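Position 1 is the first residue of the sequence, and the numbers go up from there. Computed from a predicted structure; not experimentally measured.
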Amino acid sequence: MTFRRLKICRLRDVRGSSVLAPKAVLVISALLLFSRVSIAQEQTPSPRDVVSPAVYVSANPAARGVPFQVAVVFKIRSGFHVNAREKSADYLIATDLHAEMPAGLKAGEVVYPKGQLHPFTFSKNPLNVYEGTVTLRLPVTAQASAPVGSQQIPLKLRYQACSTSVCLPPVTIDLQAPINIVANAAAAKPAHAELFPAP
């Protein structure tokens with residue numbers, strides 16, 4: 001009797017393990033899939049982390065009637081690029097800088113640098129992109145009606161960053177250009193000569 005009971009117990013154990021094995025495989029597979037997704041999410045940066053923008057003004061203070069420039073300089077993380085202003089295809093999102101000018105300030109057209117054509121595995125044709133450090137320039141003039149003193153020019157920088165394997169969602173970043181307006185043109189002083197060399 002003891003031997004038979006032992007055999008029955010062993011058979012039950014074997015049957016039980018054969019039933020639990022597929023469940024264990026499913027659990028392990030799910031855990032592996034979850035870890036892979038988590039690792040992929042950790043490795044994919046936020047679009048805001050790929051581009052580091054900074055704003056500079058060519059005069060501090062700037063004077064009424066004397067043109068000056070606002071420059072947006074952004075550094076693109078290594079391994080990524082953003083589409084140039086002159087995009088290579090209609091479906092691409094071009095880099096765009098928009099300024100909301102306060103009263104008394106007049107802006108000209110944004111000056112975008114030329115991009116560079118690079119081949120990518122996901123495109124049949126080379127794409128016109130920005131890589132590394134990019135400078136966008138906005139000419140501004142303070143009119144006679146411009147308020148004297150410190151103020152901000154709100155800016156919006158829009159771009160889409162991609163690597164060779166993934167494109168991040170397009171993003172719009174809010175920036176501010178701090179300016180100080182004076183009435184006397186003789187009081188204007190140039191600033192950031194490394195970005196705005198004298199003509």
Side-chain angles (χ1 to χ4, degrees), residues 45-88 92-118 127-163 168-199:
S46 164
R48 295 178 181 272
D49 295 334
V50 172
V51 171
S52 302
V55 181
Y56 302 90
V57 181
S58 66
N60 186 23
R64 289 173 175 171
V66 180
F68 61 96
Q69 291 186 46
V70 173
V72 175
V73 181
F74 59 91
K75 296 181 180 180
I76 305 168
R77 179 185 292 190
S78 177
F80 284 84
H81 65 269
V82 301
N83 296 314
R85 179 62 179 178
E86 295 181 3
K87 55 186 183 180
S88 303
L92 298 174
I93 296 176
T95 296
D96 180 73
L97 179 65
H98 176 72
E100 298 176 0
M101 302 305 297
L105 296 178
K106 184 178 180 181
E109 295 292 329
V110 178
V111 179
Y112 296 90
K114 292 182 178 180
Q116 295 182 341
L117 291 175
H118 286 283
L127 300 181
N128 191 29
V129 300
Y130 295 143
E131 292 181 327
T133 301
V134 182
T135 302
L136 312 180
R137 300 179 185 274
L138 175 69
V140 181
T141 301
Q143 300 174 319
S145 59
V148 173
S150 299
Q151 56 183 302
Q152 304 277 347
I153 301 177
L155 304 169
K156 291 184 180 295
L157 175 65
R158 181 171 174 80
Y159 62 87
Q160 183 175 27
C162 299
S163 67
L168 305 177
V171 65
T172 300
I173 296 180
D174 292 323
L175 303 170
Q176 298 284 345
I179 59 171
N180 183 22
I181 303 297
V182 294
N184 188 357
K189 295 182 179 179
H192 303 292
E194 70 282 3
L195 289 174
F196 310 101

### Query
How many angstroms lie between NZ in Lys87 and CG in Asp96, if you round to the nearest 0.5 Å?
10.5 Å
### Query
Looking only at heavy atoms, what is the nearest atom pair of Ile181 and Pro147, with distance?
CB-O, 3.5 Å
#### Entry: Side chain proximity check, Gln176 to Val55, heavy atoms < 4.5 angstrom
no
### Atom of Ala142, atom of Phe68 and distance for their closest heavy-atom approach
N-CE2, 4.2 Å
Throw together a table of side-chain donor-acceptor distances under 3.5 angstrom for residues 128-135, partners on residues two or more places apart or in other chains.
unit_1: Asn128; atom_1: OD1; unit_2: Gln116; atom_2: N; d: 3.3
unit_1: Asn128; atom_1: ND2; unit_2: Glu86; atom_2: O; d: 2.8
unit_1: Tyr130; atom_1: OH; unit_2: Arg85; atom_2: N; d: 3.4
unit_1: Tyr130; atom_1: OH; unit_2: Pro113; atom_2: O; d: 2.6
unit_1: Glu131; atom_1: OE1; unit_2: His118; atom_2: NE2; d: 3.3

### Query
Taking Asn180 for the side chain and Asn60 for the main chain, is one N or O donor matched with an acceptor at less than 3.5 Å?
no
#### Entry: Shortest non-hydrogen contact between Ala146 and Arg64, atoms and distance
O-NH2, 2.8 Å
### Message
Using side-chain heavy atoms (C-beta onward) and a distance below 4.5 Å, is Val110 in contact with His98?
### Response
no
### Task
Work out which heavy atom in Leu97 is nearest to a heavy atom in Leu136; give both atom names and the distance.
CB-CD1, 4.0 Å
### Task
Taking all heavy atoms of Val50 and all of Pro45, pick out the closest pair and write down the distance.
CG2-CG, 3.7 Å
#### Entry: Test item: Arg137 side-chain N/O and Gln69 main-chain N/O as donor-acceptor pair under 3.5 Å
no
What side-chain donor-acceptor pairs closer than 3.5 Å can you find for residues 149-162, not counting sequence neighbours?
unit_1: Lys156; atom_1: NZ; unit_2: Asp174; atom_2: OD1; d: 2.7
unit_1: Arg158; atom_1: NH1; unit_2: Thr172; atom_2: OG1; d: 3.2
unit_1: Tyr159; atom_1: OH; unit_2: Pro47; atom_2: O; d: 2.8
unit_1: Gln160; atom_1: NE2; unit_2: Leu168; atom_2: O; d: 2.9

### Message
Strictly distance-based, threshold 3.5 Å: is any side-chain N or O of Ser145 a donor or acceptor partner for the main-chain N or O of Gly104?
### Response
no
### Message
Minimum heavy-atom separation for Ala185 and Ala63, please, with both atom names.
### Response
CA-CB, 3.5 Å
Validation: residues 190-199 side-chain donor-acceptor distances under 3.5 Å, sequence neighbours left out:
none

